[in-house]
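Written out below as structure tokens is the structure these notes cover.
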Amino acid sequence: MPAPAWASTLRILNASYQQHFTPGEPMTFRVMVQNLEPTPQGIELLVILTNLTTGAETVPLDVGTPGTVAAGAVFTFTPSTTAEPGIYTVSFRILDGDGIRSDQITGQYPIHVGTQGDTLHVFPDSLHLGALLAGRHMHPIPLEIRWNFYRFNELRLDQPFSVRIYTDNASRYRGIPGAIRQGSPAGLLSENGRYSLPLKIWSANFGPDVQETGWSGDLAGPPPVDDDTFWIGPLLADGDREVGAVAWLRIPDFSEMSSDPGSWRRIIGQDPHDSRFVSDTNKTGDFTLPSPVTVYVAAETGAGSVQGNYSATLVVELYSP
């Protein structure tokens, strides 16, 4: 809300602070304010932290200028406080000499305070797809991935990380001798190592939004595997499929992955330097989901599938370069 008409004209020019801290560290803020009144003024700064988990609002810093600020002059506040665990949004408010609010801005980034570490747990530890008849089949029990990651780099920015999924079948895969085209070891592999069946997964991060397909994963869960719109992509006017809008995505094999993250199948992650995930409302470049993350697995068999017993080593990995 705008300041009352009778408040002195004081303005916050900018505010800066670091984004990550460990508990007990000093948090220092740098806030520049200007007196736009024709007379000297006293200025009081309030730093307001709002805990995103509890919603509690605290004012750990309430400091004033040691004297008055001359007309048109700029004064810089550099107050410090001790970091307490939590994730906080930041607001800066200044009051005039009469204690009336004159200006207020919101910090550009939230503050994260925690102990550095990372954990990853996946349940269940094995999936049994049963007998796969011709067609597409989704396993009714999803993978539940519980994760925690809190690390930052020397610049106090988010340390990039990804939770990625892949199969590790290359050592068992032999392929068909004399075949014109070498197959892929990704997915389910036959006992003799000659044949494979592709696996696909879906999570809330995948696929086009509800405005494009009419399907809301948040409300209805995983999209139906028997609908080509979600399995191979929406149908375009020229009869082709929009491959980039597929909801169910193929799981690659480790042998097919390179140092390029584009060759991975990432479920969640963050990378402030990856512009593909940066937007006006998400400046930190993350595509994380709150723990636990639910991932559904599906397979497809057809006329060319060879009967037999199939299995795969499926790896869910928290990777941070």
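The hydrophobic clustering, which links ILVMFWY residues whose side-chain heavy atoms are closer than 4.5 Å, places Leu129 and Leu314 together. There is no path of hydrophobic side-chain contacts, each under 4.5 Å, that joins Leu49 to Leu52. Under the 4.5 Å side-chain heavy-atom criterion for ILVMFWY residues, no single connected hydrophobic cluster contains both Met32 and Leu10. Clustering ILVMFWY residues whenever any of their side-chain heavy atoms sit less than 4.5 angstrom apart, transitively, puts Leu46 in a cluster other than the one holding Leu61. The hydrophobic cluster containing Val63 does not contain Ile100, counting ILVMFWY residues as joined when their side-chain heavy atoms lie under 4.5 angstrom apart, directly or transitively.
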Derivation and outcome, side chain to side chain contact (heavy atoms under 4.5 Å, CB included), residues Arg265 and Ile201:
CA-CA 9 Å; Arg265 180 64 62 232; Ile201 60 170; 3.8 Å; yes
Residue pair Leu188, Leu132: steps toward the side chain to side chain contact (heavy atoms under 4.5 Å, CB included) verdict:
CA-CA 11 Å; Leu188 296 171; Leu132 298 179; 4.1 Å; yes
Would Val297 and Leu143 count as a side chain to side chain contact (heavy atoms under 4.5 Å, CB included) if you check the C-alpha gap in whole Å, the side-chain angles of each, and the deciding distance to 0.1 Å?
CA-CA 8 Å; Val297 181; Leu143 292 173; 4.2 Å; yes
Ser258/Asp260 under side chain to side chain donor-acceptor pair (under 3.5 Å): CA gap, chis, key distance, verdict:
CA-CA 5 Å; Ser258 67; Asp260 179 12; 5.2 Å; no
Test side chain to side chain contact (heavy atoms under 4.5 Å, CB included) on Phe287 and Arg266; report intermediate values, then the result.
CA-CA 10 Å; Phe287 56 110; Arg266 293 184 285 183; 4.0 Å; yes
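Of all the heavy atoms in Gly269 and Thr288, the pair that sits closest is O-CG2, 3.2 Å. Nearest heavy-atom pair, Phe206 versus Ala247, reported as atom, atom and distance to 0.1 Å: CB-O, 3.4 Å. Contact detail for Gly117 and Arg151: the closest heavy-atom pair is CA-NH2, 3.8 Å. The nearest pair of heavy atoms linking Val90 to Val47 is CG1-CG1, 4.2 Å. Here the closest heavy-atom approach between residue Gln34 and residue Gly72 is recorded as NE2-O, 3.1 Å. The shortest non-hydrogen separation linking Pro110 to Ile87 is CB-CG2, 4.3 Å.
Without hydrogens or angle criteria, Asp253 side chain to Ser255 main chain gives a donor-acceptor distance under 3.5 Å. Judged purely by atom type and a 3.5 angstrom limit, Glu37 uses its side chain to pair as donor or acceptor with the backbone of Thr9. Formation of a donor-acceptor pair under 3.5 Å by the Thr313 side chain with backbone atoms of Thr167 is not found in this model. Although no hydrogens or angles enter the test, the distance criterion places a donor-acceptor pair under 3.5 Å between the side chain of Ser102 and the main chain of Ser8. Between the Asn169 side chain and the Pro185 main chain, a donor and an acceptor come within less than 3.5 Å of each other. Arg30 contributes no side-chain N or O that, together with a main-chain N or O of Thr76, makes up a donor-acceptor pair within less than 3.5 Å. At least one donor-acceptor pair closer than 3.5 Å links the side chain of Tyr17 to the backbone N or O of Tyr109. Counting only distance, with no hydrogens or angles, the side chain of Ser196 and the backbone of Gly187 share no donor-acceptor pair below 3.5 Å. Side-chain atoms of His128 do not come within 3.5 Å of backbone N or O of Gly130 as any donor-acceptor pair. Judged by distance alone, the side chain of Gln104 and the main-chain N or O of Ile12 form no donor-acceptor pair under 3.5 Å.
Across Trp147, Trp264, Phe149, a single residue satisfies ring-ring contact (aromatic ring centres under 6.0 Å, His included) together with Tyr319, and that is Trp264. Exactly one of Ile268, Thr294, Ile267 qualifies for a side chain to side chain contact (heavy atoms under 4.5 Å, CB included) with Leu289. That residue is Ile268.
Side-chain atoms of Thr22 and Phe152, non-hydrogen and from C-beta on, do get closer than 4.5 Å to each other. The closest side-chain heavy-atom distance from Val306 to Arg194 is not below 4.5 Å. Within the 4.5 Å cutoff, no side-chain heavy atoms of Tyr296 are placed close to those of His139. The shortest distance between side-chain heavy atoms of Ser305 and Leu197 falls below 4.5 Å. With a 4.5 Å cut-off on side-chain heavy atoms, Tyr166 and Glu317 count as touching. A heavy-atom distance below 4.5 Å is found between the side chains of Ser91 and Thr106. Side-chain contact between His137 and Thr301: present, with at least one pair of heavy atoms (C-beta onward) separated by less than 4.5 Å. Residues Arg93 and Arg101 meet the side-chain proximity criterion, which asks for heavy atoms closer than 4.5 Å.
Taking a cutoff of 4.0 Å between a charged side-chain nitrogen and a carboxylate oxygen, Arg136 and Asp228 qualify as a salt bridge.
With rounding to the nearest 0.5 Å, the separation of CD1 in Ile43 from CG in Leu95 is 10.5 Å. A distance of 11.5 Å separates CG of Asp96 from CG of Asp103, quoted to the nearest 0.5 Å. Taking CD from Glu57 and CD1 from Ile48, the interatomic distance works out to 5.5 Å, rounded to the nearest 0.5 Å. A distance of 6.0 Å separates CG of Asn153 from CD of Gln159, quoted to the nearest 0.5 Å. How far CD1 of Ile105 is from CZ of Phe92: 6.5 Å, rounded to the nearest 0.5 Å. One distance of note links OG1 of Thr50 with CD1 of Ile111; it measures 11.0 Å at 0.5 Å rounding.
Using modelled atom types and a 3.5 Å distance limit, the side chains of Thr39 and Gln41 yield a donor-acceptor pair.
More than 12 heavy atoms of other shown residues, nucleotides or ligands fall within 6.0 angstrom of atom CG in Leu13.
Note on ring orientation: taking the six-membered ring where Trp is involved, the planes of Trp231 and Trp248 are tilted (angle from 30° to 60°). The aromatic rings of Tyr150 and His20 sit tilted, their planes meeting at an angle between 30° and 60°.
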